[in-house]
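See structure below.
Throughout, protein chains are lettered first and strands after them, A, B, ... in sequence-line order, and every chain is numbered starting at 1.
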Number of protein chains: 2
Amino acid sequence: MLNPSLRDPAPIFAALGDRTRLALLDKLGDGQARSIAALSSDTALTRQAITKHLHVLQDAGLVASLRVGRESRFAARREALDEARAYLDGVSRQWDDTLGRLKAFVEDGPTG
Amino acid sequence: MLNPSLRDPAPIFAALGDRTRLALLDKLGDGQARSIAALSSDTALTRQAITKHLHVLQDAGLVASLRVGRESRFAARREALDEARAYLDGVSRQWDDTLGRLKAFVEDGPTG
DNA sequence: GAAAAAGGCAACCATTTAGCTGCCTAATTT
DNA sequence: AAATTAGGCAGCTAAATGGTTGCCTTTTTC
């Protein structure tokens, strides 16, 4: 098995697998915590749709939220992102060792 | 906007967002091309389920297939993986610059 | 040439997902 | 205290997802 890491990275990738959510992470990328209203303005989607996406990101650990007065502020979290990166780096490292055979697949047809 | 890369990385992440598919990529990680039958053995799932997953991976560019005689051989592809890695690295680099503010969010509450 | 192995195709089902609307509560603002 | 703003909660719908079974074609093998 490749990555014997403790958590299953699939939910993190699943959370990243949506344009709207990637855009939200992009907005939060400056480190500012933002309210749902702030994150919903300048989108075509409704506040509730954005709220759902934020919860998906939060369940995956990619953002954290904090209630402040009447608003809920969301901010990006490094940890889950780093898990995803570490996983992909592990896969990439494994594939590095076998590039020759992959090349052979393309040029000469599969050998396995 | 963060990554002005040509393709939308969301479909790649979506393809990675499933345990079964990550396991398939893991199996293909040694560079050997494998038939659907080979990839379906030792799974609890049916051949057809595995076939569907392989097509999801193929649509995302993470694997390539080649018909050889009566079998379809699948092999891992670097390109899509590298796109995903490059995207996450870009996000990570952006977040690096703002770690101080993220820290402040955790310790002192959000400031935005 | 018959049997077995590999796999494509289609239909079906249950669950999840992505979005909406409507309504209610809780803070702020005026 | 009334109006506004932020957002939670519930219910609904359409489409996508993950899985199944059944059947057919093609290629090997015996």
query: What's the NE2-P distance between His55(A) and dG7(D), to the nearest Å?
result: 11 Å

message: Expressed as a whole number of angstroms, how long is the span from His53(A):NE2 to dA18(C):P?
response: 6 Å

message: If I take atom CD1 in residue Ile50(B) and atom P in nucleotide dC9(C), what distance separates them, rounded to the nearest angstrom?
response: 18 Å

- prompt: For Gly69(A) and Asp18(A), take the nucleotide of DNA chain C holding the closest heavy atom to each; which residue's nucleotide lies nearer the 5' end?
  reply: Asp18(A)

query: Phosphate oxygens OP1/OP2 of dG7(D): is one of them under 4.0 Å from a side-chain N or O of Thr51(A)?
result: no

field: Rounded distance in Å - CZ (Arg73(B)) to P (dG8(C))
entry: 13 Å

No-H, no-angle donor-acceptor pair, Arg70(B) side chain to dT26(D) base, under 3.5 Å: no

query: Once you round it to whole Å, what is the distance between P of dG7(D) and CG of Leu39(A)?
result: 9 Å

field: Lys52(B), nearest nucleotide to its side chain (from dG7(C), dA6(D), dG18(D))
entry: dG18(D)

query: Choosing from dT21(D), dG7(C), dG22(C), which nucleotide comes nearest the side chain of Gln48(B)?
result: dT21(D)

- request: Check if the side chain of Arg47(B) and the base of dG7(C) share a donor-acceptor pair of N or O atoms closer than 3.5 Å.
  value: yes

statement: Rounded to the nearest 0.5 Å, the CG atom of Leu22(A) sits from the NZ atom of Lys27(A) at a distance of 13.0 Å

query: Distance from Leu57(A) atom CG to Arg77(A) atom CZ, nearest 0.5 Å?
result: 12.0 Å

Length of the line joining Leu54(B):CG and dA6(C):P, which is rounded to integer Å: 15 Å

- prompt: Does Leu62(B) share a hydrophobic cluster with Leu88(A), counting links as ILVMFWY side-chain heavy atoms below 4.5 Å and allowing steps through other members?
  reply: yes

message: Could you check whether Arg73(B) pairs with Glu71(B) (Lys NZ or Arg NE/NH1/NH2 to Asp/Glu carboxylate O, under 4.0 Å)?
response: yes

query: Looking for any heavy atom pair under 4.0 Å, which part of the strands does Ala49(B) touch: base, sugar-phosphate only, or nothing?
result: base

- prompt: Quick one: do Asp26(A) and Arg21(A) make a salt bridge, cutoff under 4.0 Å?
  reply: no

- prompt: Do the side-chain N or O atoms of Arg21(A) get closer than 4.0 angstrom to the phosphate oxygens (OP1, OP2) of dA18(C)?
  reply: yes

- prompt: Whole Å only: how far is the CZ atom of Arg67(B) from the P atom of dC9(C)?
  reply: 9 Å

query: Quick one: Glu71(A) CD to dG8(D) P, roughly how many Å, whole number?
result: 11 Å

- prompt: Under 4.0 Å between a side-chain N/O of Thr46(B) and OP1 or OP2 of dT20(D), yes or no?
  reply: yes

- request: Report yes if at least one side-chain N or O of Ser72(B) is closer than 4.0 Å to OP1 or OP2 of dA6(C); otherwise report no.
  value: no

